[in-house]
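Since the structure comes first, as structure tokens, the remarks are kept for the end.
Reckoned from all heavy atoms, side chains included, excluding hydrogens, waters and symmetry mates.
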Amino acid sequence: MADLIVKAAVKEALDDKNVSSDFYDALDERVEDLLADAARRAEENGRKTVQPRDL
């Protein structure tokens, strides 16, 4: 899957913190898992639309 996060946005959100290069890969994996879980919940509820409640 493609990168789901924007490195510049992560750096900006973490403001004055340093970010290790492998942090982005780990964060991207977490986001991918969140999206897969949300899609599964929507499908289990008979929806094609993923909604905030699926998170």
Worksheet item: How many angstroms lie between atom OH of Y24 and atom CG of L4, to the nearest 0.5 angstrom?
Response: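 With rounding to 0.5 Å, OH (Y24) is 15.0 Å from CG (L4).
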
Discussion item. Suppose we screen for side-chain contact (heavy atoms from CB on, under 4.5 Å). Which residues come up paired with D37, at least two apart in sequence or across chains?
Written reply: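 Partners of D37 by the side-chain contact (heavy atoms from CB on, under 4.5 Å) criterion, ordered by chain and then number, come out as R40, R41.
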
Discussion item. Using the side-chain contact (heavy atoms from CB on, under 4.5 Å) criterion, which residues pair with V6? Sequence neighbours excluded.
Written reply: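 V6: side-chain contact (heavy atoms from CB on, under 4.5 Å) contacts with A8, A9.
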
[X] and [Y]: which non-hydrogen atoms are nearest, and at how many Å?
| X | Y | answer |
| --- | --- | --- |
| D28 | D3 | OD1-C, 3.5 Å |
| T49 | A42 | O-CB, 3.8 Å |
| L27 | V10 | CD2-CG2, 3.8 Å |

Who are the side-chain hydrogen bond (donor to acceptor under 3.5 Å, both in side chains) partners of [X], not counting sequence neighbours?
| X | value |
| --- | --- |
| R47 | D54 |
| Q51 | R53 |
| R30 | none |

Practice prompt. Write out all pairs satisfying side chain to side chain donor-acceptor pair (under 3.5 Å) with one or both partners inside residues 11-20, taking only residues at least two apart or from two chains.
Written response: S20-D22

Item to complete: Please answer: with hydrophobic residues joined when any side-chain heavy atoms are less than 4.5 Å apart, are V31 and V19 in the same cluster?
Response: yes

